[in-house]
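Just so it is clear, the values below take in all heavy atoms, side chains as well, and ignore hydrogens, waters and symmetry mates.
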Amino acid sequence: MSILTGISKDIRVLVFGLGACLGLGSLTFSSGQPFPLPPPTPFPGIEDPIPAPMPTSPVTIGLQSVATGMVSPVTGTFAPGHPNDLFIVDQTGQIWDLHMAGKGNDDDDNNGSGRAPTTTLFLDVSGRLVPLGLSPFFKYDERGLLGLAFHPRFQQNGLFYTFTSEPVNGKADFSTQTINNPTNRAANCQTVITEWKVKYPGESPLTVDLTSDRVLMRIDKPYFNHNGGTLAFDEDGLLYISLGDGGNGNDTGIGHYPGGNGQSLAAGNVLGKILRIDPLRRNSASGKYGIPEDNPFAHSPTIPHEIYAYGHRNPYRMSFDREGEKLLVADVGQNSLEEIDNEVRGGNYGWPIKEGTFLFAVNPNDPNILSSGYVYANSPGYPPNLIDPIAEYDHTDDGGKSEVRAAIIGGFLYEGEKLKELKGHYVFGDYGSGVGAKVPAGHVMALFENKPAYLTIAGRPGALGLFVLGFGRDFHGEIYVLGNTTGLVSGNTGQVLKLTRP
């Protein structure tokens, strides 16, 4: 059964009289409506939010190597009019065009020919990026080239768009950098959305006009982490942009509003949000793109008109179905829960009030921003103006003693023809057992009636043997796993693996 059955396209928020429910104080949300919440229990709260271990589904898949030798591949997509090409984004700044030799959707999983794809460099923006790696000795990073989307009318206009982390270059279009910043520290970087054009949309391979770049927006980022990073078009040619809460931890620190960027609808704050714009129009405040008339805050005097939904921590990956109608967002949690959201116009997804369906709190006695956040009560459906995820899972299978999952890596609804058992199911993954783990232990997963489960991989008992970094989907609806063996932006262990029959 498809997970999208019966899900409304627009938000329907029921606000009802709560009386003196719980009677334990109240919290005022961005909507201005107070809802009482129970006070946090002492740290560490609930260490194993979902006690049952992650199940393994009866579905078995194969994985076929399609490309190797990359650094950190993070997403993959296709260009309209080019059904045999898969464009892979490498975090270090390269976009690779993998040209399949055959039709790509016949019975032969080697794309109809038995030959490996040919790989050509489509675009290199590495010179525009901030230097990657937290230090010369530890090359972990969440910044880089993170997103790519081709316009639905690419065959006519030749336009595509990138999401990059770049050095601060002048005044940003959106910034929270003056908030909670007594020393006036500069932004860590700027998120930049850029429009590009190819010379001849019908030729193969495609050639980018390197003089065509047009910056649509710059957004100040207070910290290196929680960037979001996805660009996706809907059926109407509107561009959706996923943005994290600004980084650090607990949605606190320099550049974070009181109560969290995820909840704040202050002027200039687009962090912790999903944005929606029309790149072909020019009616925005900057004149660089258009604001859809039915954006939820399109007529607000103060709230950014670009906001489509909010209350996110790090919506690193999101995707539409192939019709561009339903949007699923995989929001990376902090220390306890990972969630999948059905995104609707004007929706508030709860962060940092909630992590998943659980209430979230910060330990005031722990100065470590990485460990101080915790969950303390399961609260599905409450507060009623927050939208709970359609699915969630936790990090542990043994009562909190060890971490076997760390961060959700969103994927795609499977709409291909090869794997009938996965038709209509959302395929995604988990990074693995955490940053700095010595053994890569990522997972490939799927939703079955909104319940996450591991997929069994033929010939690979146990974990995948990779850090899962992203997923790709080709023109035919087939899905690819992207990962490497280091979890870092160094080396050449990055690879692309196609989901096949076992």
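- Aromatic ring centroids of F87 and F150 lie under 6.0 Å apart.
- Residues V468 and D430 are not in side-chain contact: their nearest non-hydrogen atoms beyond the backbone lie 4.5 Å or more apart.
- Partners of P296 by side-chain contact (heavy atoms from CB on, under 4.5 Å), not counting sequence neighbours, listed by chain and number: R345.
- Looking only at distances, no side-chain donor or acceptor of D366 sits under 3.5 Å from a matching main-chain atom of I369.
- Inspection of the Y289 and E306 side chains reveals an N or O donor paired with an N or O acceptor under 3.5 Å.
- Judged purely by atom type and a 3.5 angstrom limit, N295 has no side-chain atom pairing as donor or acceptor with the backbone of F297.
- With hydrogens and angles ignored, the 3.5 Å screen pairs no side-chain donor or acceptor of E339 with any backbone N or O of A330.
- A search for side-chain hydrogen bond (donor to acceptor under 3.5 Å, both in side chains) contacts involving H305 returns nothing, not counting sequence neighbours.
- Listed by chain and residue number, E47 satisfy the side-chain contact (heavy atoms from CB on, under 4.5 Å) test with P44 (two or more places apart in sequence, or in another chain).
- Residues W351 and F360 place their aromatic rings such that the two centres sit under 6.0 Å apart.
- Residues satisfying the side-chain hydrogen bond (donor to acceptor under 3.5 Å, both in side chains) criterion with D173, sequence neighbours excluded, are absent altogether.
- A search for side-chain hydrogen bond (donor to acceptor under 3.5 Å, both in side chains) contacts involving T92 returns Q94, not counting sequence neighbours.
- Of the possible polar contacts, one joining the N261 side chain to the Y257 backbone as a donor-acceptor pair under 3.5 Å is found.
- Atom NZ of K197 has 12 or fewer heavy atoms from other residues, nucleotides or ligands within 6.0 Å.
- In this structure, F428 CZ and F471 CZ are separated by 8.5 Å, a value rounded to the nearest 0.5 Å.
- A donor-acceptor pair under 3.5 Å links the side-chain atoms of K354 to the main chain of Y382, judged by distance alone.
- Judged purely by distance below 3.5 Å, without hydrogens or angles, the side chains of N169 and Q190 never pair a donor atom with an acceptor atom.
- At distances below 3.5 Å, at least one donor-acceptor pair connects side-chain atoms of N484 with backbone N or O atoms of V71.
- When atom types are taken as modelled, the side chain of R282 and the backbone of P279 share a donor-acceptor pair closer than 3.5 angstrom.
- A salt bridge is absent between D245 and K273: the closest approach of a Lys/Arg side-chain nitrogen to an acidic carboxylate oxygen does not fall below 4.0 angstrom.
- Judged by distance alone, with hydrogens and angles left aside, the side-chain atoms of N157 form a donor-acceptor pair with the main-chain N or O of L159 at under 3.5 Å.
- Between R313 and D251 there is no salt bridge, since none of the side-chain N atoms of the basic residue sits less than 4.0 Å from a carboxylate O of the acidic one.
- Each of T75, T230, L243 was compared with F163 under the side chain to side chain contact (heavy atoms under 4.5 Å, CB included) criterion, and only L243 meets it.
- Under 4.0 Å is where a charged nitrogen must lie from a carboxylate oxygen, and between D294 and R276 at least one such pair does.
- Counting only heavy atoms from C-beta outward, the side chains of E166 and R218 approach each other to under 4.5 Å.
- Residues passing the side-chain contact (heavy atoms from CB on, under 4.5 Å) test with R473, sequence neighbours excluded: R322, F412, E415.
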